[in-house]
Amino acid sequence: MAPDVVTLEIIQADLDRDEHQRDVVAMTAAYALDPMGNGGPLPPETLERLVDALRAHPTTLIFLAYVEGRAVGIATCFLGFSTFAARPLVNVHDLAVLPAHRGTGVATRLLEAVETKARQLGCCKLTLEVLEHNERARRLYHRVGFSQMISGAPVSGSLFYGKTLGKTLG
């Protein structure tokens, strides 16, 4: 008896396709439930606006991973710009794989697809943020060539900061 062959396909999402819209929303919702994501569900109104908002954002770049035709992973990215290199960059905003498919190479393949696209676009680098205690993700990122970026003098580097702006209209 021949072993089962699992087919993994990575595609760049086309948000004009209904099935890609459905899978982007489903994968984002699944990621939000994960403790390394939001740790709880996203509000229904957020999920309802997600595709239109991603479409409206001019630098959205999304990759979906499929195993046997079922979405199992997502990389939601946005193009940015490095003024110091005078070239674009890609920020991996969300990288998520369904729990049953973790450790099977899905995340690695998603990151490879992102890197290939970034090179095609002439980008100078890939960036991402990761929770300090997410050791599994940090090991993955190191394995595929990411390292903690520190800018500034050796004794005082920069830290990632954020400011929540609260609810917005519309």
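This chain uses plain numbering: 1 for the first residue, then up along the sequence.
Between Val106 and Gly73, the shortest heavy-atom distance links the atoms CG1-CA, 4.4 Å. What you find for Pro88 and Leu121 is that their closest heavy atoms are CG-O, 3.7 Å. Among all heavy-atom pairs drawn from Glu68 and Thr7, the shortest one is OE2-N, 2.7 Å. Residues Thr127 and Leu89 come closest through the heavy atom pair OG1-CD1, 4.0 Å. Shown here for Val92 and Val114, the closest heavy-atom pair between the two residues is CG2-CG1, 4.1 Å. Of all the heavy atoms in Ala71 and Leu98, the pair that sits closest is O-CD1, 3.6 Å.
A salt bridge links Arg102 with Asp34: at least one charged nitrogen is closer than 4.0 Å to a carboxylate oxygen. Salt bridge annotation for Arg17-Glu19: present, with a cationic side-chain nitrogen under 4.0 angstrom from a carboxylate oxygen.
With a 4.5 Å cut-off on side-chain heavy atoms, Ile11 and Phe63 do not count as touching. No side-chain heavy atom of Val97 sits under 4.5 Å from any side-chain heavy atom of Ile74. A heavy-atom distance below 4.5 Å is found between the side chains of Leu54 and Phe78. The shortest distance between side-chain heavy atoms of Thr108 and Arg143 falls below 4.5 Å. Using a 4.5 Å heavy-atom threshold, the side chains of Met27 and Asp94 count as separate. Side-chain contact between Leu61 and Lys117 is present, with heavy atoms from C-beta onward closer than 4.5 Å. With a 4.5 Å cut-off on side-chain heavy atoms, Cys123 and Leu79 count as touching. Counting only heavy atoms from C-beta outward, the side chains of Leu33 and Tyr31 never approach each other to under 4.5 Å.
For CZ of Arg87, the number of neighbouring non-hydrogen atoms (other residues, nucleotides, ligands) closer than 6.0 Å is greater than 12.
Once rounded to the nearest 0.5 Å, the distance linking CE of Met36 with CD of Glu135 reads 9.0 Å. Taken from CG in Leu95 to OH in Tyr141, the straight-line distance is 4.5 Å, to the nearest 0.5 Å. To the nearest 0.5 Å, atoms SG (Cys77) and NE2 (His93) are separated by 10.0 Å. Atom CZ in Arg139 sits 9.0 Å away from atom CG in Asn134 (nearest 0.5 Å).
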Practice prompt. Let me see the working for Arg55 and Thr60 under side-chain contact (heavy atoms from CB on, under 4.5 Å), right down to the final yes or no.
Written response: CA-CA 7 Å; Arg55 260 200 203 127; Thr60 300; over 6 Å; no
Item to complete: Please assess Ile62 against Gln12 for the test side-chain contact (heavy atoms from CB on, under 4.5 Å), listing each intermediate value before the final yes or no.
Response: CA-CA 6 Å; Ile62 300 173; Gln12 186 172 338; over 6 Å; no
Practice prompt. Mind running side-chain contact (heavy atoms from CB on, under 4.5 Å) on Leu42 and Asn38 for me, showing each step along the way?
Written response: CA-CA 8 Å; Leu42 293 174; Asn38 192 46; 4.0 Å; yes
Item to complete: Determine, stepwise, if the pair Asp52 / Arg49 fulfils salt bridge (charged side-chain N to carboxylate O under 4.0 Å, His left out).
Response: CA-CA 6 Å; Asp52 288 340; Arg49 323 190 281 275; over 6 Å; no
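Using a distance-only test at 3.5 Å, with no hydrogens or angles considered, a donor-acceptor pair links the side chain of Gln21 to the main chain of Leu15. In this structure, Arg138 contributes its side chain and Glu132 its backbone to a donor-acceptor pair below 3.5 Å. No side-chain donor-acceptor contact under 3.5 Å links Glu9 to the backbone of Val67.
Checked against Leu110 for a side-chain contact (heavy atoms from CB on, under 4.5 Å), the options Ile10, Leu8, Val72, Leu64 give a single hit: Ile10.
Classified by interplanar angle (parallel below 30°, tilted 30° to 60°, perpendicular above 60°), the ring pair Tyr66/His20 is tilted.
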